[in-house]
Amino acid sequence: MPPLARDLIINKIERALEAARSQNLLPLDDIPSVEVERPSNPDHGDFATSLPLRLARATRLAPIHIAETLTGLIPTDDLVEKVWAAPPGFLNFSLNTHWLQRQVAEILDAAENFGSIQPADPRKVMVEFVSVNPTGPIHVGHTRGAVLGSVLSAVLQAAGHDVTREYYVNDAGTQMELFYSSVYARYLEILGDDAQLSADGYQGDYVIDLAKEILDDEGERFAGIEQDEAVKEIGNIARDKMVSHIEKDLASLGVTFQVWYREHTLFESGEYQQTLDLLESEGHLATRDGALWFSSEALGDERDNVVVRSSGAPTYFASDMAYHHNKFLQRDFDTVINVWGADHQGHITRLKTAVGAMGVDPDRLQIIITQMVTLKRGNELVKASKRSGDFISLKELVEEVGPDACRYFFLARAPGTQMDFDLELATKESSENPVYYVQYAYARICSILQRAQDQDLAWDDADLSLLEDPHELTLIRKMLLLPEIVEKVSQTLEPHHLPHYTLELATAFHNFYENCRVISNNPSDADLTAARLKLTAAARVALHRCLTLMGMTAPTRM
RNA sequence: GUCCCAGUAGCUCAGUUGGACAGAGCGGCUGCCUUCUAAGCAGCGGGUCGCGGGUUCGAAUCCUGCCUGGGACGCCA
């Protein structure tokens, strides 16, 4: 992977600053950190920095003077065609056309690795996401986190990190007990007993379906045995079925995991006890009112939190502490990213506090909160509550909208914003969804390249210096942005930049297509045709990578 | 009551961590298919960036006070 043009330019500016200092052209005590941006206006070049404006105060010089001084110290070369100062004090750079043309070959050489980068700090990263309790099917509200987590994982991997995608299965705790008894109650109900489902039990029809399945598979034997034992056995079966349903539903959306980590293993392995011992030895635990508390208030949290109830049962928080002990201290992840729904927001501080109490830098735990998804049918609100059973499942959603559009829809919005999902609109507009715009560009590319192949046209040895049309150069410039986008997403943990970029890339291709005929019928254009085919092939590489990173299909025809 | 997130075009949303004239898609209006896919392209119209102060060369972006919407504050998960 060659260095990014951006980094080469930053380097040039740094050297110019060094020179300015040693030649006493600028009164600098030390070299400031240099940042460049991508100007939105093409007239301002490919890269720009506002550094002169920032240096004005410290140097007591006019920004434009600083910009002009630096301009004189930055030589143009193979990469940079032009450097100029622009009022009130910007320093602009435009890239050398021949350099741009050569990048077409670089992109083709990189092939499916195009867009990948080498990070300054390669890390072992875990992305834990979805992690819905296996007490019911996965529904629309969870879809957002599922898509976000899977794309984030893919991008982090492209950014050179060692990524593990993990689902935390909460198979211990009171909600699971309630779920188990709910299935048991339905089981008995089918066998003719009076309904015994408690008011706070799980009401959804899927519980009945589950009970039927178990009845079909296992027969009536659970009716004959003692209740506690029956609930336990039925519970185990129901849980396994639920987990595998969830796994299948997520897979239909293209979301997969490497590890399904079970909560109860924390207790079996002794890690739970180990975690408590560690916290105890550091003086972070206290007994009060018959319960065991984590003294988080002393560590800056708003209040202390219960770890073990007076009943002796550990809280969810307790196993979550043990789980993060496992992530950081047992499995040695450098960075752990948790994707949580907005309802878990209150949990952030205490978990970070707990991680800190274990001697782990809390900044190594990064929590992304996805805001609520409000589900609508037209103007009608659709409630999504698992216990009432009235919800739209992920499965239904994928069947109705399709996985690609579904992914794009959730992906294109920043995680921190609440969003409305109008089912009516989503299906009605599906043919005009931006996802088709992008895929259409890809299909067009494939169609052209197929035609070229049919005509035995080769482009490997094409003369890329023929690519001089503004639309051609714009397309090249746009493609070269991908590594920067990958880096940005991996740093900000905001995958929504990717679909937005992909849309721009598709636009750049559509514009090229409209303005530059690729395969010419005129034999005298053979060289230009070859060059444009090569560019088209590079565009296929770039768009394909985008679609792959987003977990979407790349159709060769539409 | 305290804390967190959000408020940008008719609608759905971006806005490169304080920069150059505020963008895209959809919807509306007008053009473009006898040559590689019209699921496309070109153009027009559309904004008090929730409101008021402040910080500075410069604010949609940072600070502060309000307004509106959502969420979190349990020996639930």
Side-chain angles (χ1 to χ4, degrees), chain A residues 35-41 43-44 48-50 53-54 56-57 62-63 86-90 92 132-133 135 170 172-176 178 288-293 302-303 305-317 319-320 341-349 369-372 374 409 412-420 422 425 429 431-441 443-452 455 481 484-485 488 491-492 496-497 499-501 503-504 506-507 509-511 513-522 529 532-533 536 557-558:
Chain A
E35 282 174 21
V36 293
E37 58 194 75
R38 290 284 198 165
S40 48
N41 185 340
D43 291 344
H44 299 143
T49 181
S50 58
L53 287 162
R54 295 174 207 283
R57 182 185 287 267
F90 290 99
N92 296 340
V132 176
N133 286 4
T135 54
N170 296 117
T174 51
Q175 287 302 317
M176 283 311 284
L178 188 57
R288 192 163 65 243
D289 303 330
L292 185 64
W293 297 72
E302 281 179 17
R303 65 182 66 79
N305 292 283
V306 172
V307 177
V308 181
R309 286 177 269 250
S310 48
S311 68
T315 59
Y316 170 82
F317 176 53
S319 44
D320 219 16
D343 54 340
H344 281 63
Q345 176 232 101
H347 195 54
I348 298 175
T349 311
I369 294 292
T370 60
Q371 287 297 324
M372 302 289 285
T374 314
F409 186 89
R413 282 147 182 82
T417 57
Q418 302 148 222
M419 58 185 278
D420 290 346
D422 186 338
L425 212 64
E429 285 193 348
S431 65
E432 285 150 10
N433 193 302
V435 68
Y436 297 103
Y437 179 87
V438 172
Q439 290 180 324
Y440 185 62
R444 268 184 160 175
I445 290 171
C446 293
S447 167
I448 293 170
L449 294 175
Q450 182 59 51
R451 175 178 285 249
Q455 297 179 16
L481 236 41
E484 289 175 40
I485 297 293
K488 181 177 176 177
Q491 285 172 352
T492 61
H496 70 275
H497 297 297
H500 286 277
Y501 162 74
L503 204 61
E504 287 176 19
T507 299
F509 179 77
H510 285 309
N511 282 321
Y513 176 90
E514 292 291 332
N515 291 283
C516 305
R517 167 120 201 136
V518 178
I519 301 176
S520 171
N521 295 327
N522 187 342
T529 291
R532 285 179 171 170
L533 282 171
T536 303
R557 55 178 55 230
M558 285 173 72

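Each chain gets a letter, A, B and so on, in the order its sequence line appears, and its residues count up from 1.
To the nearest angstrom, P of B/rC76 lies 16 Å from CG of A/D320. In this structure, OH of A/Y513 is placed 11 Å from P of B/rC41, rounded to the nearest angstrom. In this structure, the CE atom of A/M372 is 7 Å from the P atom of B/rA72, given to the nearest Å. Atom CD in A/Q439 sits roughly 17 Å away from atom P in B/rU37 (whole-Å rounding). Atom pair A/E37:CD and B/rU17:P shows a separation of 7 Å (rounding to whole Å applied). Look at NE2 on A/H500: it is 14 Å from C1' on B/rU8, rounded to the nearest Å. Atoms CD1 (A/I448) and C1' (B/rU35) sit 12 Å apart, rounded to a whole Å. One atom, CD1 of A/I369, and another, P of B/rC3, lie 18 Å apart when rounded to the nearest Å.
Among the nucleotides B/rC13, B/rC41, B/rG71, the one closest to the side chain of A/H510 is B/rC41.
Using a 4.0 Å heavy-atom cutoff across all strands shown, A/M176 reaches no nucleic acid atom at all. Heavy atoms of A/H44 sit under 4.0 angstrom from at least one base atom. As judged by a 4.0 angstrom heavy-atom cut-off over every strand, A/C516 is placed among the base-contacting residues. Nucleic acid contact class of A/F317 (heavy atoms, under 4.0 Å, all strands): none. Contacts of A/S520 with the nucleic acid, taken as non-hydrogen atoms under 4.0 Å apart, are absent. Residue-level contact check: A/R303 touches the backbone only, with heavy atoms under 4.0 Å from sugar-phosphate atoms and none from bases. Using a 4.0 Å heavy-atom distance criterion, A/N511 is classed as a sugar-phosphate-only contact. If you check every strand for non-hydrogen atoms under 4.0 Å, A/G173 touches nothing. Within the 4.0 angstrom heavy-atom criterion, base atoms lie near A/S310. Among the atoms of the strands shown, only primed sugar atoms or phosphate atoms (P, OP1, OP2) are found under 4.0 Å from some heavy atom of A/A414. Using a 4.0 Å heavy-atom criterion, one finds that A/R517 contacts the bases of the nucleic acid, with or without backbone contacts as well. A/A291 comes within contact range of at least one nucleobase, with a heavy-atom separation under 4.0 Å. A/N522 comes within contact range of no nucleotide atom at all, as no heavy-atom separation falls under 4.0 Å.
One can find a donor-acceptor pair under 3.5 Å joining the base of B/rG69 and the side-chain atoms of A/Q418. With hydrogens and angles left out, the side chain of A/Q345 and the base of B/rC4 share a donor-acceptor pair within 3.5 Å.
Taking atom C1' on both B/rA24 and B/rC49, the two are 16 Å apart, rounded to the nearest angstrom. A gap of 23 Å separates the P atoms of B/rC44 and B/rA38, to the nearest Å. Between the P atoms of B/rA9 and B/rC3, the separation comes to 29 Å (whole Å). With both ends at atom P, the span from B/rC13 to B/rU56 equals 36 Å, rounded to whole Å. Rounded to whole Å, the separation between the C1' atoms of B/rU8 and B/rA14 comes to 10 Å. Comparing B/rG7 with B/rG47, their C1' atoms sit 14 Å apart, to the nearest whole Å. Rounded to the nearest Å, the gap between the C1' atom of B/rG43 and that of B/rA6 is 35 Å. On the C1' atoms, B/rA77 is 42 Å away from B/rG18, given to the nearest whole Å.
A residue-by-residue look at A/T315 and A/P415 shows that A/P415 has its nearest nucleotide of RNA chain B further toward the 5' end. Nucleotides of RNA chain B nearest to A/L503 and A/A443 differ in position, and the one nearer the 5' end is that of A/L503.
Remark: B/rA39 base-pairs with no nucleotide; criterion is Watson-Crick or G-U wobble with both hydrogen-bond distances under 3.5 Å. Using N1 to N3 plus N6-O4 or O6-N4 for Watson-Crick, or N1-O2 and O6-N3 for G-U wobble, each under 3.5 Å, B/rU17 pairs with nothing. The nucleotide B/rU64 finds its pairing partner in B/rG52, both defining distances of the Watson-Crick or G-U wobble pair being shorter than 3.5 Å. Nucleotide B/rC44 forms a Watson-Crick or G-U wobble pair with B/rG28, both donor-acceptor distances falling under 3.5 Å. B/rC3 is paired with B/rG71 under the criterion used here, namely a Watson-Crick or G-U wobble arrangement in which both key atom distances are under 3.5 Å.
At the phosphate of B/rA24, neither OP1 nor OP2 sits under 4.0 Å from any side-chain N or O atom of A/Y437. Contact check, A/R532 against B/rC36: no side-chain N or O comes under 4.0 Å of OP1 or OP2. Contact between the side-chain N/O atoms of A/S447 and the OP1/OP2 oxygens of B/rU37 is found at a separation under 4.0 Å. Distances shorter than 4.0 Å separate none of the side-chain N or O atoms of A/N515 from OP1 or OP2 on B/rA42. Residue A/H497 places at least one side-chain N or O closer than 4.0 Å to OP1 or OP2 of B/rG15. For B/rA39, one of the phosphate oxygens OP1 or OP2 lies less than 4.0 angstrom from a side-chain nitrogen or oxygen of A/Y440. Remark: A/R451 is not in phosphate contact with B/rU35, judged by side-chain N or O atoms under 4.0 Å from OP1 or OP2. Close to B/rG15, at under 4.0 Å from its OP1 or OP2, lies a side-chain N or O of A/H496. Contact between the side-chain N/O atoms of A/R54 and the OP1/OP2 oxygens of B/rU56 is not found at any separation under 4.0 Å. The side chain of A/T417 places no N or O atom within less than 4.0 Å of a non-bridging phosphate oxygen (OP1 or OP2) of B/rA6.
Here A/F90 packs flat against the base of B/rA20; its ring centre is closer than 5.5 angstrom to the base's six-membered ring, tilted by less than 30 degrees.
Judged purely by atom type and a 3.5 angstrom limit, A/T315 uses its side chain to pair as donor or acceptor with the backbone of A/V307. Between the side chain of A/S447 and the backbone N or O of A/A443 there is no donor-acceptor pair closer than 3.5 Å.
For the atom pair CD (A/E37) and CZ (A/F90), the distance works out to 6.5 Å, reported to the nearest 0.5 Å.
Base orientation of B/rU16: anti, since the glycosidic angle falls outside 90° of 0. With its glycosidic angle within 90° of 0, B/rC33 is assigned syn.
Side-chain N/O atoms of A/Y437 and A/T507 include a donor and acceptor closer than 3.5 Å.
Taking both residues in full, the closest heavy atoms of A/P63 and A/A56 are given as CG-CB, 3.8 Å, listed atom of the first, atom of the second, then distance. Listed here is the closest heavy atom pair of A/I519 and A/Q455: CG2-OE1, 3.8 Å.
Classified by interplanar angle (parallel below 30°, tilted 30° to 60°, perpendicular above 60°), the ring pair A/Y316/A/H347 is tilted. Using cut-offs of 30° and 60° for the angle between ring planes, the A/F509 and A/Y513 rings count as tilted.
In this structure, A/R444 fails the cation-pi test against A/Y440, since its NZ or CZ atom is not both closer than 6.0 Å to the six-membered ring centre and inside 45 degrees of the ring normal.
A/H497 meets the ring pair (Phe, Tyr, Trp, His ring centres under 6.0 Å) test with no other residue; sequence neighbours excluded.
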